[in-house]
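The figures that follow rest on heavy atoms only: side chains count, while hydrogens, waters and symmetry mates do not. We number each residue from 1, following the sequence as shown. Start at 1 and go down the list; that is how both ligands and their atoms are numbered.
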Amino acid sequence: MASLVRTSVEAGVGVITVDNPPVNALSPGVPEGILAGVEAFVSDERVRAIVLIGAGRTFIAGADIKEFGKITSGKKRRGPGLVTVVHALEDSLKPTVAAIHGFAFGGGLEVAQGCHYRIALESARVGQPEVKLGIIPGAQGTQRLPRLAGVAKALEMCALGDPISAAEAHRFGILDAVVPGAGHDDLRAGAVRFAGEVGDSKETHAKVREREGKLCSPDECRQLCGAAAAKVRKVRRGHAAPLRAIEAVGCSVTMPFAEGVKRESEIFRECLFSTQSKALIHLFFAERQARKIPDVPKDTPVRPIRAAAVLGAGTMGGGIAMCYANAGIPVRLKEVTQEALERGMATIRMNYERSAKRGRFTAEQVRERLALITPQTTWDGFGEADIVVEAVFENMALKKEVFREIDAIARKGAVLATNTSTLDVDEIAQATSRPQDVIGHHFFSPANIMRLLEIVRGKRTAKDVVATSMMLAKTLRKVGVLVGNCHGFVGNRMFHPYRREAQFLAEEGARPVDIDRVLYEFGAAMGPLAVGDLAGLDIGMRVRKEAPHLYPPGVRRPLAEDALCELGRYGQKTKKGWYTYGDDRSRHEDPEVDALLLEISAANGIERRSISDDEILERTVFALVNEGARILEEGMALRSSDIDVIYAYGYGFPPFRGGPMFYADLVGLDRVLDSVRILHADHGHWWKPAPLLEQLAAEGGSFSKWSAAAA
Ligand code: 3HC
Ligand code: NAI
């Protein structure tokens, strides 16, 4: 315990240092240590004020999230709760000062709010991100933050969960001062000086819980809460915790402090025991677990990536170049013709201008980023690049030709990445003399926005190329997930049956608008048919043409989208697909589509019937799950949680469902298998249960607990 929290006395100031790497979470032992430090210093005559500071790279990143699972599974929590620590700091007879660097998140910010004063380095960030874990602040943050920052700011921070900078926190009164300097020593010295001054002052040191000046009237509070709720219903659709956080913050105005904190505590527990919170906490750890590759240990050397080159300035190449520029890495962007290059650069400029208008970048940042992109039609500088990324048309012959050219020009040791979405990475690698340097970097559209990066490991890809790619994903602010080399890799391979079933449902009588509504209500960003329209129905049609092995003779194939394409209905780009689209992209049902579906059913002997919402959900989501099980069996994903991360970050699967595999675990694999068996009996071929699903259902197991290594 002593090692998690240290104390020392410096210039008459007692310093309590939390030292619980990597992020000083409030794990068992830390609250006890802080409490013991405060008690000791209050009775230590040498000490006139107390500083709470974090060792290493941060202040306190919050409660220990691993502990939540123990609470919900009924294990008793050891030691004092956080609230006891917050009160000890606030009721201390000597002034307490939180000295913040890195992050003061969640319980970390709540502990800081217990202090009489808060100061921080300019680089620090503070926030109440609990809603991202499906919970609300649980150590009285919803009652103290409005007293410090005002109700509107507290609502925003507690309901959306996004952190703010030290400067902003200072402006809103969360921080009392921003300390000059950049290093931990500057903060520590500044904090001791600050604490010494307040310790010498005769002023009373206000307790945040007693500060009422920033609380608004009940009427205004109702309005602010209403506006905040309307916003989160839009931007966090389906998430329960943000609305509960708003309810709790509202109590800071409508109830006395003591009652407000009681209500907060009740809501906190309700959220903690919710399925949404389990799902979101699962994703939090899943995202971090995905970085761990069993045979590529953390200390595997990586190849430094200081300069990049991208081939193809189309939809993906342009977005990928932006990712590098956004990370401060200079990038050369090559096209075949000047015209295509100019078109690509115009799109890049337009995207940056749009971001600047939305306040994501300043004009200066846009200029800096654009200056890092060198558009060209030659190979100039490709020989010096540390990574070459290919993003030309999806055609194997072209990819091979391009990789032969890259092989001839790239320097020894450069990483050679392909952004192919379906093609065989090994076959592409064979076109080079260095298959060990070749890897898939499968970005998602729009590449500058979407967080997912599937990293496709070929048979001969070197371990340091895998390690470099995982590191690079973080540099590019992506969530990198390692996948195997199979048709469509993980994400698109599963998406294929999901969208196939959506088409089958439409051919069997479900209205397109109902299919999309069911998945939207489930929480998906968009229904499967609307997604098809967005991506372009011609893409799927091309895949079906170019990969005939996917539909062997005698097996039912989806007909609707090919038929829509034949009518020139490619989706949003032609303003017609499953729906018609207005100039403002508004979506409308179209009788021509209904007639087409009737025609397809009649011509192919498909019986039309009324289809329930439950069937729509099972046919689509269990299609993902059954394919996911096969992917796991084949080792194309390292673990089921990797699949969940892919779906949450790349395919708009509702994060509060935890991803398709976690969702299946929650439903129960025996129940999933029962449904899959019925679907197999009714629809044949495509619904053959995956052996792993059968095995786990029989064992009473789950995808989350299954590991290929142990199997
Ligand atoms: N509890 C337990 N483990 C944590 C943790 C936490 N609060 N925060 C981070 N970790 C672990 C991660 O799992 C990871 O472990 P690993 O190395 O074994 O995979 C390690 O710390 C490093 O984390 P990151 O890889 O995420 O490090 P980054 O530097 O990229 O990010 C961070 C640091 C911004 C602090 C990020 O980790 C983060 O956002 N953490 C969660 C913060 C949070 O949600 N706090 C609120 C918790 S809930 C709460 O406080 C309830 C209260 O109101 C009662
Ligand atoms: P696109 O058609 O928008 O762009 C391709 C560009 O490559 C064109 O501008 C073309 O002029 C250029 N090009 C062709 N040959 C070239 C060469 N030899 N040298 C330099 N440039 C050349 O295509 P898009 O959509 O950007 O796709 C590119 C790759 O990314 C494909 O492999 C695709 O499967 C993959 N992908 C596409 C996604 C999408 O949503 N569009 C998502 C993920 C991957």
Interfacing atoms of ligand 1 (cut-off 4.0 Å, heavy-atom, [X]):
X	result
Glu130	48 (S), 49 (C), 50 (O), 51 (C), 52 (C), 53 (O)
Pro137	53 (O)
Gly62	50 (O)

A quick test of your reading: do over 12 heavy atoms of other residues, nucleotides or ligands sit less than 6.0 Å from [atom1] of [X]?
X	atom1	answer
Arg404	CZ	yes
Glu122	CD	no
Lys573	NZ	yes

Does ligand 2 have a heavy atom under 4.0 Å from the side chain of [X], from its backbone, from both, or from neither?
X	result
Arg343	neither
Phe444	neither
His442	side chain
Val402	side chain

Which residue and atom name correspond to the protein heavy atom nearest [atom], and how close is it?
atom	result
atom 1 (N) of ligand 1	Ile65 N, 2.9 Å
atom 18 (O) of ligand 1	Lys292 NZ, 3.3 Å
atom 30 (O) of ligand 1	Lys474 NZ, 3.2 Å
atom 14 (C) of ligand 1	Arg288 CD, 4.1 Å
atom 21 (O) of ligand 1	Pro22 CG, 3.4 Å
atom 29 (O) of ligand 1	Arg57 NH1, 2.6 Å
atom 52 (C) of ligand 1	Glu110 OE1, 3.3 Å
atom 3 (N) of ligand 1	Lys66 NZ, 4.1 Å

Please work out whether any backbone atom (N, CA, C, O) or any side-chain heavy atom from C-beta onward of [X] is under 4.0 Å from ligand 1, and answer side chain, backbone, both or neither.
X	value
Val23	side chain
Gln140	neither
Ala61	both
Arg291	side chain
Lys132	neither

message = I want to confirm something. Looking only at heavy atoms, which of Phe68, Phe105, Phe59 is nearest to atom 48 (S) of ligand 1?
response = Phe68

note = Filtering Ala25, Ala63, Gly106, Gly107 for the heavy atom nearest atom 7 (N) of ligand 1 leaves Ala63

ask   = Rounded to the nearest 0.5 Å, how far apart are SG of Cys158 and CD1 of Ile136?
value = 8.0 Å

request  = Kindly compute the distance separating CG (Leu26) from CD (Glu32), expressed to the nearest 0.5 Å.
outcome  = 10.5 Å

Near-ring test [Y]/[X], centroid separation under 6.0 angstrom:
X	Y	value
Tyr498	His496	no
Phe656	His239	yes
Phe495	Tyr651	yes

ask   = Is the shortest distance from atom 23 (O) of ligand 2 to a protein heavy atom below 4.0 Å?
value = no

With nothing but distance in play, are any N or O atoms of [X] less than 3.5 Å from an N or O of ligand 2?
X	value
Ser421	yes
Glu405	no
Met316	yes

Would you say [X] and ligand 1 have an N/O pair spaced under 3.5 Å apart?
X	answer
Phe285	no
Ile136	no
Leu133	no
Phe103	no
Gly138	yes

query = Using 4.0 Å as the upper bound for N to carboxylate O, is an ion pair formed by Lys153 and Glu168?
reply = yes

query = Would you call Lys334-Asp380 a salt bridge at under 4.0 Å N-O?
reply = no

request  = List the steps and the verdict of side-chain hydrogen bond (donor to acceptor under 3.5 Å, both in side chains) for Thr420 and Glu394.
outcome  = CA-CA 6 Å; Thr420 177; Glu394 185 79 341; 3.0 Å; yes

[X]: numbered ligand 2 atoms lying under 4.0 Å from its heavy atoms:
X	result
Thr420	32 (O)
Gly312	7 (O), 12 (C), 20 (C), 21 (N)
Phe393	2 (O), 5 (C), 8 (C), 10 (C), 14 (C)

task = Please step through side-chain contact (heavy atoms from CB on, under 4.5 Å) for the pair Ile387 and Tyr324, ending with a clear verdict.
result = CA-CA 11 Å; Ile387 181 165; Tyr324 281 94; 3.4 Å; yes

inquiry  = Side chains of Gln128 and Gln113: any donor to acceptor distance under 3.5 Å?
reply    = yes

key: Polar side chain donor-acceptor pair, Asp424 to Asn485, under 3.5 angstrom   = yes

ask   = Relative to the ring of Phe382, is the ring of Trp379 parallel (under 30°), tilted (30 to 60°) or perpendicular (over 60°)?
value = perpendicular

Under 3.5 Å: donor-acceptor pair, side chain of Asp64, backbone of Pro28 = no

